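Read the structure below first, then the notes.
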Amino acid sequence: MNDHTLAAEYINAGYNHKTILSDVSVTIPQNKISVILGANGCGKSTLIKLLLGKLEALSGEIEFGYNVTVGYYDQENQNLDENNTILDELWDAYPNLTQTEIRNTLAIFLFRGDDIEKKVEVLSGGERARLTLAKLILSRMNLLILDEPTNHLDIESREALENALKDFDGTIICVSHDRYFTRQLATRFIDIGENGLDYRGEYDGYCEYKARLKAGKEDLTQSVQIESSQKDEYLERKKSNAERRKQEKHMKEVEREIGKL
């Protein structure tokens, strides 16, 4: 896990006895921007809930790297105080920052001059999204999970968001249908609707690779064999870990008995 932010191995998850994700494995490298893709209903939101701990997997394991702290942007739940001004919203959240630091961050997200005195209650959807993202960037989290972050944003706001994320010193996992946004930022594409297709590279290369797959010009036999081998190793490791925990529990019970004697 030294070079990864998180690893999910052979995850199965679902609701009401219906499986949504089946044997999904995802490894997220550090300091990269990974985009989760797939058709509606394929399990993107389910995977995000698993990563956030809002849903428990039916089986499989999710392991985070050392000292990973998670920040989450949900376009529907922005948790803003309607009575605050824009400036106070950030200052209340981060009282140890100077006014200059707060103003500089707000400027990155296009809040300048008298704008910072506007009340949250009068902000447009795009302004609220920008303010929420500004709070998230200041949070010092090193893993950001973003759910459709460009929804409600105009072109200028999208450019501000792109610039802020490019400068972000951490890892980003994003669910997005915005092709321009993903083309500008992403270096990793995980399509959970395509049998776990995992492409590492730029957006145009991903599109070309996917087109070759559909045309039958890419051979997946080798990757399927590797996947099968990896699953066998995972199951063996899981069995070994379970046996080790059983032995440790037995040793503790023995030690307690010795103590009593």
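The shown structure was predicted, so the numbers you read here are calculated from the model rather than taken from an experiment.
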Is the shortest heavy-atom distance from the side chain of [X] to the side chain of [Y] under 4.5 Å?
X	Y	value
T105	L97	no
T85	V120	no
I36	F189	no
D167	I137	no
L37	I190	no
R256	K252	yes
F109	N163	no
D92	L90	no

Item checked: Sidechain N-carboxylate O distance under 4.0 Å for K44, D147 ->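 No, no charged N to carboxylate O under 4.0 Å.
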
Margin query: side-chain contact (heavy atoms from CB on, under 4.5 Å) for F168 and I33? Distances and angles first, verdict last.
Written below: CA-CA 10 Å; F168 176 68; I33 300 178; over 6 Å; no

Could you pull out the closest heavy-atom pair between [X] and [Y], with the gap in Å?
X	Y	result
L21	T19	O-CG2, 3.2 Å
C174	S176	SG-CB, 3.8 Å
I11	A8	CG1-CB, 3.9 Å
G14	L58	N-CD1, 4.0 Å

Is it the case that more than 12 heavy atoms not belonging to [X] sit under 6.0 Å from its [atom1] atom?
X	atom1	result
E56	CD	no
E121	CD	yes
K166	NZ	yes
D169	CG	no

Check whether [X] and [Y] end up in the same hydrophobic cluster, where Ile, Leu, Val, Met, Phe, Trp and Tyr are linked by side-chain heavy atoms less than 4.5 Å apart.
X	Y	result
L123	L110	no
I20	L52	yes
I155	I108	no
L106	V122	no

Inter-residue atom distance [X].[atom1] - [Y].[atom2], 0.5 Å rounding:
X	Y	atom1	atom2	result
K118	E89	NZ	CD	14.5 Å
E117	I86	CD	CD1	9.0 Å
N151	D178	CG	CG	8.0 Å
N79	T132	CG	OG1	8.0 Å
S139	Y73	OG	OH	14.0 Å
Y199	S34	OH	OG	14.0 Å

Next item on the list: Just do the side-chain contact (heavy atoms from CB on, under 4.5 Å) check on N142 and T171 with the steps written out, would you?
Entry: CA-CA 6 Å; N142 52 25; T171 303; over 6 Å; no

Side-chain donor/acceptor of [X] to backbone N/O of [Y], under 3.5 Å:
X	Y	answer
N104	T100	yes
T150	L153	no
R200	R188	no
W91	T98	no

Next item on the list: Using side chain to side chain contact (heavy atoms under 4.5 Å, CB included) as the criterion, point out the one residue from T46, V70, I62, L143 that pairs with L51.
Entry: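 Answer to the side chain to side chain contact (heavy atoms under 4.5 Å, CB included) test with L51 among T46, V70, I62, L143: I62.
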
Next item on the list: Determine the sole option in V68, I173, T27 for which the side chain to side chain contact (heavy atoms under 4.5 Å, CB included) test with T5 is passed.
Entry: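 Between T5 and the candidates, side chain to side chain contact (heavy atoms under 4.5 Å, CB included) is satisfied uniquely by V68.
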
Next item on the list: For side chain to side chain donor-acceptor pair (under 3.5 Å), just list the numbers for Y206 and D191, CA-CA rounded to whole Å, side-chain angles, deciding distance to a tenth of an Å, and then say yes or no.
Entry: CA-CA 10 Å; Y206 160 73; D191 195 330; 3.0 Å; yes

Next item on the list: List the steps, then state whether side-chain contact (heavy atoms from CB on, under 4.5 Å) holds for L146 with L136.
Entry: CA-CA 10 Å; L146 310 177; L136 196 55; 4.0 Å; yes

Checklist line | side-chain contact (heavy atoms from CB on, under 4.5 Å) between I172 and N31, worked out | finding: CA-CA 7 Å; I172 297 172; N31 304 324; over 6 Å; no

Check: Does a donor on one side chain sit under 3.5 Å from an acceptor on the other, for D23 and N12?
Finding: yes

Next item on the list: Kindly confirm or rule out a cation-pi arrangement of R130 over F111, judged by NZ or CZ under 6.0 Å from the six-membered ring centre and within 45° of its axis?
Entry: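 Ring-cation test returns yes.
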
